[in-house]
**Q** 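I am attaching a structure below and will ask some questions about it afterwards.
In what follows, chains carry the letters A, B, and so on, assigned in the order in which the sequence lines appear, proteins first and then strands, with residues in each chain numbered from 1.
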Amino acid sequence: MDSIEKARTIAAELHAVAVQKGLDPRKPYNFAKCEILSRDICLEATKPGATQLDGGRAKYIRNDLLIIHERCDTDFENAFLAAHELGHVVLGDDFNPSPSTNVDPARPAEPSPVAEDRVVDYGKRQRREIQMDLFAREFLLPRPVVKRMHLVDGMSASEIAKVFGAPFDVVAQQLFDAILLPVVETPSESPAVDRPLNDKQAAAASHRGVPLLVEAGPGTGKTQTLTSRVHSLLADGIDPREILLLTFSNKAAAEMADRIAEKNKEASAAMWIGTFHAFGLDLIRRFYSELGFEKDPRMIDKTEAVEMLEQQFPKFDLEHYRNVYAPASVIDDILKAVSRAKDEVVCPTRYRELAEAMQLRATASNDDELLIRARRCHEVARVYEAYEKIKKAKHCIDFGDLVSLPVSLLESEPTIANTISETYSHVLVDEYQDVNRSSVRLLKSICPDGANLWAVGDAKQSIYRFRGASSGNMKRFTNEDFRRAQTVRLEQNYRSVPEITDAFSAFGATMAAGTGGDALTAERSVCGSKVALTTVDKVTEQTLAIADSIEQMRQNGHGYRDQAILCTGNEKLATLAGELERLGIPVLFLGSLFERLEIKNLIAFLSLLTDRRAMGLIRVGCQRQTELTLGDVSKVIEHLRDDITEPGEWPAKVDSFHGVSESGKQVLREVATILLGFDQSSSPWTMLATILLDRTQIAADFANASSVSERTGGIAVWQFMNFLRVQPSGKGLPVPRLLKRIRDLIRLKEDRDLSKLPDAASGLDGVRLMTVHGSKGLEFPVVHFPGMNKTSLPLNYKSPKCPPPDGMVEGSGDDSKAAAVAAHSEEQECIFYVALSRARDRLIAYAPTKQAGGKNWPLSPFLDRLGSNLQRNHVAPNERDLGNGNEGTIPIQVSGRISLTTAQIGLFERCPRRFFYTHVVRIGGRREESPYTLMHDAVREICEAIVAERLITLSDSKIRQRLNQAFKASGLVDHGYANELAGMGHKLVKYFLTTRAEGSPIEPPSLAVNLAGDEVKFRPDDGFTMEDGAIVFRQVRTGGIKSSRDDIAAAAALLAATEHARGSRVEFVHLSDQEIRDVEMQKRKLGNRHASLHDALKSIRDGKFPAKPSSRTCPGCPAFFVCGSVPEGTLQKTF
DNA sequence: CTTTTGCGATTTTTT
DNA sequence: ATCGCAAAAG
């Protein structure tokens, strides 16, 4: 149990005792006051800003036995400040005389992992203040009390708030903590039994003077050695404020802080413990003016960064990174390159110089390939320069800046560097194998000669090479960066049984990373089971095999919570989690928050305020209290499609919805009541908190659930509400802005942070599912490691979209590509090594040997390198239903024939589910509008006009005129870069005209291919009779990306054309790529596609609409927020 | 026996 | 999007 939970438990107990003494919690200030007075401490209110308050809002003055606080408007606020200070007293945290400044009564139990909170998460002072806020809230409104009021007495959050005179949001947050998060069990309190240090550990801990690098393999007692060193430094009389302990993750920092606090709470709070990034942020905040910022520059995440650049993108006029359709993805690629540059402390100017140097070399050696690479780098440099300017102008900083800015500062300002290095007499670094050049340079600035620098790491666990971490830094520590340095190697493994230790040591001996002579000696005794590899025939059986062995391990005494499943990537984890859950294995896994049904169900309420067709009813209709039939939902959407309705106006029209059942209308009125008083400008958090706690039973249902998977659902809701609290401000209405931001987060894969389970979930008895990266630093009695196929580990190297300029990555030599490939393959070995070494007692790897199609699927070559340490066995698990079969089938009755366009059938192929929403339910809500899509719309419109007016040429001025007209109609003229956008459009139209230079135009006819009574229509955009008499039909494809795999839409077009006129051709014109592609298919291929068309139509009749999820396409789908299960009932449909 | 084509599985990882 | 394998075609 962590310190925060401990504090809350104590607070709740105090509350209970006070109530027993007869105090009334409904008078909160008096309640807190009596508790304080009973400790012989005085309580005083004073006016805000009084000198005694020392700049804070409340303060405990120990010497005077006095708590003072500023006088607030409400009794509850006063009580909260008093209780906050009471926390400092009760928790024995009164050694630090600083006042309390950032008091927040509605603070969630754990910060949301977004933007700045990710960095400062465990800043020591923040952490104490968070603890006190939660203590105070718990003292005034204990979770068990509010939980009982809500669940047993049936009181809403507002009613509870009234009773206590507390604000709604404070009660709501407390209720969320109480009913959505699992109750943390009082632990059996078994603090890690510290064994005495072995000789090597003791030597490492007591070392003084010259820099020391401790090579600590897995399970060698690294943390214990490090904490021992800290305690020995303290014992030597070192002031804890002189000790700096740097880590790479907040998790590690918190663990170190807690471990040190076990023996010395005061020292732990006084030391600087945190990540490199948090330390960097501290420096930036201290020296903001030297860095050219105003006070407290704001941190932005990548989503915000992309948004900033997107606005200015048209003006960059990039040639090599030109994706005029979806600039966001290009910007993302470039920002990744920028981030890498910052890892190497390469500023925009230096980036451009490197690119220019490449250009010179390319011209000198006549190397065309090099020249193109150089130009690409140059374009990145241009965007990089602009990005830094925008950021500075807006007083923002990004993740990369957190380390690179302080490095530049300290390296250029020796006085500041001196001040800092004099502050810290002892610097300790954890996970040294994860340092990149920027962190090394930061270290060198803090301790130039390396005196009393102490680092610990393991080159074989270096799995962050993609962000510039290199185990080469381990070698350089002694040779180059900190000469005079010594090394110590810890050789005893205390974690794993010999079977496992020997296995990963054997693999370790063959690894490129590390020295080769670093095998470990197992201290534990043999367990009798070797590391196992369980192979199965098919992928589906792998899940069954894992489920079987989880249960078997359970019979051997390893509970679910003792077992972990590790995968290399997130995608596979999510699939596995779903399947195991269906097999009845409880799993601890959230997955992508916004893809969970509970969350989509909530977002549906929000979308009902913004979407005029109310497609959110699809999700709302699936929920217990608001059940609707699919038929009714579909009818409502149909009504709203033809109606001119503003978003949120539909509740007024319920009576006029003909064809909707009476019971359906009744539910719709209830939904309207649930939404009453909210609109697009409402705060999403307030609205959903009201819905969850005041107007529905949704939250209560989670509290009453018992299964791990339902509890996980509750945690997801908690996490989502937590996320809603911290939205960046910006233009537009809050609700639509939030929906856009969610889509952007997923597109940029920034939703990953939200899929981390809060600490409060750790008590649940479920199998832990995580990536190998996520498992670093952890250990589990049993580890399952699936997917050990050649294609997944090692993964093939893929070069970044924007490779760094030659010479940017220090120590990569002349061939930067070869160096990157080598680094990648080293990293893959490290991933395997880390995974193996997480296991204490049992380790089982899994792999299917055949693909779904039945062909062989080779095993990972890494397995052979375990030699005789690996026990192989092949199993054939009993078939069970993984529930993948019928998913997506919807009862539907199609009357009459089906008639679709090529575009529609193409959509069915890409994602049948999306087809269902778009063309069966017809939810509408076309794709998102952006300046780029509007520009493309204008171009398309003009091209259509050109065909209709049979124009062959059009003067530049006429094109401009038409574009201008279209831009006016769409409002694009007002865009800041309307000229640049018009320039792009001009190019596209001009290219379209060149495609019309040959042959004589014909009126494009409407074509169709007959498919057993049904049809697929092909309406060409353009048509010609060529000089040789051939007829050509053209379709303009705006997307422009050439898909190498011909889709069935193309086949349908071809078939339709041939049916119309034998020997006619079909061509796709890609405007952005300036290319005409002939649609060609061999007889066999065309035959196969023809069969696929038949299959597709049959699937539509059968109601088979499975989703094809993809993080790339889903966020852009209009049905994104409603996709999932559908309401009950059969759908009547005419196409 | 060689070449083409289809198809399935994979497109990480994080402060 | 890209790779590697297996089956079909030449």
Side-chain angles (χ1 to χ4, degrees), chain A residues 113-122 246-253 274-281 299 301-302 329 336 339-340 342-343 397-404 431 434-436 438-439 442 461-469 538-539 566-573 575 748-753 755-756 770-776 787 789-801 823-824 827-828 830-831 834-835 847-848 850-858 1041-1046 1080-1089 1091-1092 1110-1113:
Chain A
V114 287
E116 198 161 295
D117 285 346
R118 262 188 294 185
V119 181
V120 291
D121 186 359
Y122 281 106
L246 292 169
T247 67
F248 278 92
S249 70
N250 286 314
K251 197 172 71 178
T275 64
F276 275 89
H277 292 82
F279 184 71
L281 181 63
M299 266 217 71
D301 59 22
K302 206 165 66 182
S329 75
K336 277 186 191 131
S339 162
R340 269 302 280 120
K342 289 180 179 176
D343 290 339
I397 48 173
D398 67 9
F399 262 113
D401 292 334
L402 292 178
V403 182
S404 70
E431 309 271 19
D434 289 342
V435 297
N436 51 30
S438 64
S439 24
L442 187 64
Q461 295 186 62
S462 169
I463 56 175
Y464 287 104
R465 280 158 211 257
F466 61 90
R467 68 172 190 213
K538 290 178 296 178
V539 204
L566 306 184
C567 287
T568 45
N570 271 305
E571 224 118 320
K572 268 197 290 190
L573 269 183
T575 328
L748 299 172
K749 300 200 169 169
E750 275 207 289
D751 58 327
R752 292 277 160 83
D753 303 306
S755 47
K756 276 199 204 100
M770 59 183 86
T771 60
V772 177
H773 285 81
S775 75
K776 206 168 133 203
N789 291 98
K790 197 178 167 182
T791 45
S792 358
L793 196 71
L795 211 59
N796 280 333
Y797 173 75
K798 251 182 81 192
S799 55
K801 290 272 170 53
H824 170 83
E827 179 177 31
Q828 292 293 305
C830 291
I831 288 174
V834 169
K850 290 198 163 38
Q851 295 192 332
K855 57 185 170 189
N856 286 336
W857 197 2
I1041 315 141
K1042 293 156 270 182
S1043 64
S1044 58
R1045 224 183 294 234
D1046 297 293
E1080 266 184 317
M1081 284 186 210
Q1082 300 290 338
K1083 216 167 157 189
R1084 176 163 62 116
K1085 196 179 199 175
L1086 193 60
N1088 287 345
R1089 294 294 117 98
S1092 303
S1110 137
S1111 57
R1112 243 185 327 115
T1113 50

**Q** Listed by chain and number, what are the side-chain contact (heavy atoms from CB on, under 4.5 Å) partners of A:Gln851, not counting sequence neighbours?
**A** A:Lys855, A:Trp857
**Q** Which pair of non-hydrogen atoms, one from A:Ser462 and one from A:Asp434, has the smallest distance, and what is that distance?
**A**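 Result for this residue pair: CA-OD1, 4.4 Å.
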**Q** Which residues satisfy the side-chain contact (heavy atoms from CB on, under 4.5 Å) test with A:Phe466, sequence neighbours excluded?
**A** A:Tyr464, A:His773, A:Glu827
**Q** Which part of the nucleic acid, if any, lies within contact of A:Phe276, taking any heavy atom under 4.0 Å across all strands shown: a base, the sugar-phosphate backbone alone, or nothing?
**A**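 The answer is nothing, as A:Phe276 stays clear of every strand by at least 4.0 Å.
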**Q** Go through the structure and list residues passing side-chain contact (heavy atoms from CB on, under 4.5 Å) with A:Ser438, not counting sequence neighbours.
**A** A:Val345, A:Val403, A:Asn436
**Q** Which is more 5' along DNA chain B, the nucleotide nearest A:Lys850 or the one nearest A:Phe466? Just name the residue.
**A**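 Its nearest nucleotide lies further toward 5', so the answer is A:Lys850.
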**Q** Report the residue (A:Gln851 or A:Ser249) whose heavy-atom-nearest nucleotide on DNA chain B is the more 5′ of the two.
**A**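 Checking each residue's closest nucleotide, the 5'-ward one belongs to A:Gln851.
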**Q** Dot-bracket for DNA chain B, please. Rules: Watson-Crick or G-U, both distances under 3.5 Å, ( ) within the strand, [ ] when a pair crosses earlier ones, | for another strand, . otherwise.
**A** ||||||||||.....
**Q** Verify the contact: side-chain N or O of A:Lys749 to OP1 or OP2 of B:dT11, cut-off strictly under 4.0 Å; return yes or no.
**A**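 No, A:Lys749 has no side-chain N/O under 4.0 Å of OP1/OP2 on B:dT11.
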**Q** side-chain contact (heavy atoms from CB on, under 4.5 Å) with A:Asp398: which residues, sequence neighbours excluded?
**A**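 Per chain and number, A:Asp398 pairs via side-chain contact (heavy atoms from CB on, under 4.5 Å) with A:Ile300, A:Lys342, A:Tyr387, A:Lys391, A:Asp401.
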**Q** To the nearest Å, give me how far apart OH (A:Tyr797) and C1' (B:dT11) are.
**A** 14 Å
**Q** For nucleotides 5-10 of chain C, which of its nitrogen or oxygen atoms have a protein nitrogen or oxygen under 3.5 Å away, and what is each distance?
**A**
| unit_1 | atom_1 | unit_2 | atom_2 | d |
| --- | --- | --- | --- | --- |
| C:dC5 | O2 | A:Lys855 | NZ | 3.2 |

